[in-house]
Amino acid sequence: MTRFFFGNWFTRAYLFAVATAAVILLGANLATGDHEPSFAAVYLIALTSPVSVIFAPVALLGDGWTAIAMLWLSVAAGVLLNTLLINTIVGEVGKFSSRRAVQ
């Protein structure tokens, strides 16, 4: 599982960007005392799109605990799918370049 999330530099950079956006969102929420999704959530949704846009569009995020649950669950789903996509693309490129080097 560690290799899936931290197997290459592209995945590490992506996860660092998502973690930074999540810390900014949580810091903004703690600083203001408001625990509803704020404008800082747009960065998090943008980094984990298209999955998070489908599951938790910003226009539908209202007030209450369901908005918070929708936001974090859609971000988690987006991170997993985008990590899989990045690993697939980097893995295929790596196989292609190693195949070319052998020939």
Once rounded to the nearest 0.5 Å, what's the spacing between atom CZ of F10 and atom CD1 of I89? 10.0 Å
Evaluate I86 against V90 for side chain to side chain contact (heavy atoms under 4.5 Å, CB included), listing each step before the verdict. CA-CA 6 Å; I86 291 169; V90 171; 4.2 Å; yes
If you measure from CG on L44 to CD1 on I24, what distance do you get to the nearest 0.5 Å? 10.0 Å
Excluding sequence neighbours, so at least two apart, what forms side-chain contact (heavy atoms from CB on, under 4.5 Å) with L84? F4, T88
Donor-acceptor check, side chain of S52 to backbone of I45, threshold 3.5 angstrom: yes or no? yes
Side chains of L71 and L25: closer than 4.5 Å at any heavy-atom pair? yes
Are V18 and L26 connected in the hydrophobic side-chain network, where two residues link if heavy atoms are under 4.5 Å apart? yes
Please step through side chain to side chain contact (heavy atoms under 4.5 Å, CB included) for the pair N8 and Y14, ending with a clear verdict. CA-CA 10 Å; N8 55 55; Y14 173 71; over 6 Å; no
Is the backbone N or O of S49 less than 3.5 Å from a side-chain atom of N82, with the two atoms forming a donor-acceptor pair by type? yes
May I ask whether L47 and L80 are part of the same hydrophobic cluster, defined by side-chain heavy atoms of I, L, V, M, F, W, Y residues being less than 4.5 angstrom apart, directly or through others? yes
Please give me the minimum heavy-atom distance between S74 and V51, naming the atom from each residue. O-CG1, 4.3 Å
Output yes when a side-chain donor or acceptor of Y43 lies under 3.5 Å from a complementary backbone atom of A22, and no otherwise. no
